[in-house]
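Values below: all heavy atoms of this structure, side chains included; hydrogens, waters and symmetry mates excluded.
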Amino acid sequence: MAVASPLTDVTPGTTQVELVIGGMTCAACAARVQTKLNKLDGVTATVNLATERAHVTVPPQVSPQELVKVVEAAGYSAELARPEAVDASLAADGATVKRLRRRLILALVFFVPLTDLSIVLSIFPWPRFPGWQWVLVVLAAPVATWAAWPFHQAALRQARHLSSSMDTLVSMGILAACGWSVYAMFFLDRSRTGAGGLHALLHNSGGGIYLEVAASVTTFLLAGRLYEARARRSAGEAMRDLAASGAKDVCVLGDDDAERQIPAGQLQAGQRFVVRPGERIAADGEVLSGQSAVDRSMMTGESVPVDAAAGDPVTGGTIVLTGRLVVRAVKVGRDTQLAHLVAMVEQAQAEKAGIQRLADRICAVFVPSVLACAALTLAGWLLAGSPAGHAFSSALAVLIIACPCALGLATPAALVVASGRGAQLGVFIKGYQALESSRRIDTVVLDKTGTVTTGQMTLTGVRPGPGISRAELLRYAGAVEHASEHAVAAAVAAAAQAEAGPLPPADDFAALPGLGARGVVDGLQVVIGREKLFTDRTMSPPAYLAPWCAAQEQAGATTVLVSWDDAIRGALAVTDTVKPSAAAAVAGLRRLGLRPVLLTGDNSATAHAVAAAAGIDEVISGALPAAKADVITGLQAAGRSVAMVGDGVNDGPALAAAQLGLALGSGTDVAICAADMILLRDDLEVVPDAIKLARATFRTIRRNLAWAFCYNVLAIPLAALGFLNPIVAAATMTLSSVFVVWNSLRLRRFSGRWSGGT
């Protein structure tokens, strides 16, 4: 498939580079890589631990190779993200899970008998036999060396660069436990030396030998790492499935209509290609011939296939279910909607909220602080006259329990899961701003045309004058409108062709911007347009038409008058129909405690008619395109926190001005770029779904961070005061990270169809 290039223009003179970082194990690692990259002149980098990606904005004088060298100099591996990165990422995650599983199995094989033997020898001295300590060493050695090698390797890499990470604490804890145990066996009075870790756990003493502590720390942490790796792979599956949903090959048509198979990456804009039932559409394009039902569930979350025929647009990655389509490629490769959305999600996952940036700054200085705290704990207990074993046990517990895994995973884990679930529902979160803004909004402003309504005009009323038949009125009006591109004209022409048959040509056609159009049909000068067009020509509407036109406009329709031979012959009414899902969506917003507002440039009567059909009470009509942003800022000045939903170019400034911008994916590029969230389903109920998902994600992040902060704030003093045994500390630290990942994975069950709450 085609994915976004690792080099993408962002602003003039800068380039966006995406790096795949290897070897990061905790938030301190990510913070270190980010700091090193940001030290380069003009470089702005954001490193995400959960996705193992770095998104870097670089000036022209900095090459991507320089970025790779900086990361490698910091002790980590790095490479530019490539189009095949999706498959490589899946393979890497699978390999990581397998490696961790093998090490965990070995750790469990030796840890279980080591623990059992330690319990027996700690409680009952009489089973001790000559050399029993060496049996414990033999059981503990494979766990503390091979199984724990990832922690030692990372710590050594950090030490070579005079830095530290979570693995530094883990490795030091394991080595310290083993080193003290060997010292106790060979240099202390063996008659007083026991298997210390579990003895301390049972008898609240310092003990002597901590080999089972080293094994337990390794086992618990490997179990936590395995859980995190499997969770990361599972959490990213939805987005990876989306990224991998592009066609691999495509059947193109030559000028002679001969078919030939080529890789999808070689498809060029403007080429024609064939899609058969069961195949994926290879690029965004326009149907030239054929008819089919298209499954768009991967892109929009719609469960019902959508019919596509000649002239209809189709999206790359969607599946043709019935019939054969010939499609002209419009956007290919990284220009497709699929590639843009994948890149958008990855960029969102790389961004950091203000609260997470605070957590990263804390993690950057956390490890040195913990090392100092452990040293002070050891010195403090020794100065207080405690046995060396008790002092060592307390210091070891501080080293183990302080690992900042949960703090580093709190935000990225939640966003990775939310991004994947949102992709399945047709909701794309562009950044953390959407999450932070969603909890504050109290007002949702909805654009009318194309958002609340379908955006497609339909002829809903015909009023011919005396002596004029309906077919005759439609025939003359449709002939002129058939040459126009206006939405009203398209509705009239389509209805005229359906009812009156083939239309005659209109000679000397002229569009009258903002008013209507005119042309010569069958030798008659036909004029069609708004009432102002005729009053400017001193032609007043006949008395029989005025009440009819007023009633139609009161119902939300747009009326146009038709004349020939300098006499008004009748009137037509067209309506932009309200989407079937609009009323349910508005009801959903109200259940969330939000106030819906309809914003439109149409007249008041039309606006209120549409609002009534959708269940909206507050209406702002007559807003010119340039004034929509002013309407948003006016609401904000009145103390309201505003979300804006729109789809057009004229909605761009308003989307950017709102605290939360939501753009329909079928809208213009300007609207999509200005918004914080992209909504891909035609079903308008995706609006409350998106807000609920954003709120649920933000709540999850807050719970994660609250737990992580409170855990470290409370646990370290308890360990330093001697209340926590190293084994308990290891288990507690692992469970802390597991809780954060588990809490984030709960977002995978987000349904979007919830009857209440926020």
Engineer: With a 4.5 Å cut-off on side-chain heavy atoms, are L80 and E18 touching?
Structural biologist: no
Engineer: Report yes or no: does Q497 contribute a side-chain atom to a donor-acceptor pair with the main-chain N or O of A494 at less than 3.5 Å?
Structural biologist: no
Engineer: Mind listing the closest non-hydrogen atom pair of L660 and S438 along with its distance?
Structural biologist: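 So the minimum-distance heavy-atom pair works out to CD2-CA, 4.3 Å.
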Engineer: Apply side chain to side chain contact (heavy atoms under 4.5 Å, CB included) to the pair T575 and T458, showing each step before the final yes or no.
Structural biologist: CA-CA 5 Å; T575 303; T458 304; 5.8 Å; no
Engineer: Distance check, rounded to the nearest 0.5 Å: M677 atom CE versus I691 atom CD1?
Structural biologist: 8.0 Å
Engineer: Less than 4.0 angstrom from a charged side-chain N to a carboxylate O is my criterion; do D257 and R272 meet it?
Structural biologist: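 So D257 pairs with R272 through a salt bridge.
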Engineer: Answer yes or no: is there a side-chain heavy-atom contact under 4.5 Å between L253 and F273?
Structural biologist: no
Engineer: Is a side-chain donor or acceptor of E481 paired with a backbone partner of A493 at a separation under 3.5 angstrom?
Structural biologist: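 No: the side chain of E481 does not pair with the backbone of A493.
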Engineer: How far apart are the C-alpha atoms of D447 and T600, what are their side-chain angles, what is the distance that settles it, and do they pass the side chain to side chain donor-acceptor pair (under 3.5 Å) test?
Structural biologist: CA-CA 6 Å; D447 172 60; T600 178; 5.8 Å; no
Engineer: Where the side chain of Q266 meets the backbone of P263, is there a donor-acceptor pair that is under 3.5 Å apart?
Structural biologist: no
Engineer: Could you report the tightest heavy-atom contact between A614 and V452, atom names first, then the distance?
Structural biologist: CB-CG1, 4.0 Å
Engineer: Would one find more than 12 heavy atoms of other residues, nucleotides or ligands at under 6.0 Å from atom CG of D256?
Structural biologist: yes
Engineer: Counting distance only, does the side-chain N/O of Q34 pair as donor-acceptor with the main-chain N or O of V47 below 3.5 Å?
Structural biologist: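 Flag set: sc Q34 to bb V47 pair under 3.5 Å.
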Engineer: Please confirm whether the backbone N or O of A696 pairs with a side-chain atom of T700, one donor and one acceptor, at under 3.5 Å?
Structural biologist: yes
Engineer: Step by step, would you call H482 with V492 a side chain to side chain contact (heavy atoms under 4.5 Å, CB included)?
Structural biologist: CA-CA 8 Å; H482 187 66; V492 172; over 6 Å; no
Engineer: Hey, what do you get for OG1 (T451) to NZ (K579), rounding to the nearest 0.5 Å?
Structural biologist: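 The NZ atom of K579 is 6.0 Å from OG1 of T451, to the nearest 0.5 Å.
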Engineer: Would you say K331's side chain and A269's backbone share a donor-acceptor pair under 3.5 angstrom?
Structural biologist: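 Between the backbone of A269 and the side chain of K331 there is no qualifying donor-acceptor contact (under 3.5 Å).
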Engineer: Walk me through it: do L19 and V68 pass the test side chain to side chain contact (heavy atoms under 4.5 Å, CB included)?
Structural biologist: CA-CA 8 Å; L19 300 177; V68 172; 4.1 Å; yes
Engineer: What distance do E259 atom CD and C251 atom SG have between them, rounded to the nearest 0.5 Å?
Structural biologist: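 One finds 4.0 Å between CD of E259 and SG of C251.
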Engineer: For the residue pair I616 and K448, establish whether any side-chain heavy-atom pair is separated by less than 4.5 Å.
Structural biologist: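 I616 vs K448: side chains apart.
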Engineer: Could you tell me whether the side chain of L599 reaches within less than 4.5 Å of the side chain of L446, counting heavy atoms only?
Structural biologist: no
Engineer: Please round to the nearest 0.5 Å and tell me the distance separating atom NZ of K692 and atom CZ of R699.
Structural biologist: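 Reported to 0.5 Å precision, the distance equals 11.0 Å.
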Engineer: Are any of the side-chain nitrogens in R591 or E685 under 4.0 Å away from the carboxylate oxygens of its partner?
Structural biologist: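 Salt bridge between R591 and E685, a charged N being under 4.0 Å from a carboxylate O: no.
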Engineer: I want to check something: taking the side chain as every heavy atom from C-beta on, are L288 and V327 in contact at a cut-off of under 4.5 Å?
Structural biologist: no
Engineer: Taking the side chain as every heavy atom from C-beta outward, state whether L425 and V686 have any atom pair closer than 4.5 Å.
Structural biologist: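 No; the side chains remain at least 4.5 Å from each other.
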Engineer: Does the side chain of V20 reach to within under 4.5 Å of the side chain of E79, using non-hydrogen atoms?
Structural biologist: yes
Engineer: Hey, what do you get for CG (L37) to OG1 (T44), rounding to the nearest 0.5 Å?
Structural biologist: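 Here the rounded value is 10.5 Å.
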Engineer: How close do D312 and A309 get, counting heavy atoms only, and between which atoms?
Structural biologist: OD2-N, 2.8 Å
Engineer: So P277 and L321, do their side chains get closer than 4.5 Å, heavy atoms only?
Structural biologist: no
Engineer: Quick check: does any side chain N or O of S581 sit under 3.5 Å from a backbone N or O of L684, one acting as donor and the other as acceptor?
Structural biologist: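 The answer is yes, because a donor-acceptor pair under 3.5 Å joins these two groups.
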Engineer: Using side-chain contact (heavy atoms from CB on, under 4.5 Å) as the criterion, point out the one residue from V326, V287, V320 that pairs with V275.
Structural biologist: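 Answer after filtering V326, V287, V320: V320.
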Engineer: Rounded to the nearest 0.5 Å, how far does CD of E286 lie from CG of D284?
Structural biologist: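 Between atom CG of D284 and atom CD of E286 there are 12.5 Å.
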Engineer: At their closest point, which heavy atom of R276 faces which heavy atom of R324, and how far apart are they?
Structural biologist: NH2-NE, 4.5 Å
Engineer: Identify the two heavy atoms, one from A418 and one from L693, that lie closest to each other, and give their separation to 0.1 Å.
Structural biologist: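 In terms of heavy atoms, the two residues are closest at O-CD2, 4.1 Å.
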Engineer: Given V645 and V445, is the side chain to side chain contact (heavy atoms under 4.5 Å, CB included) satisfied, shown in steps?
Structural biologist: CA-CA 6 Å; V645 185; V445 176; over 6 Å; no
Engineer: Heavy atoms only: give me the nearest A690-V427 pair and the separation to one decimal.
Structural biologist: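 Looks like CB-CG1, 3.8 Å.
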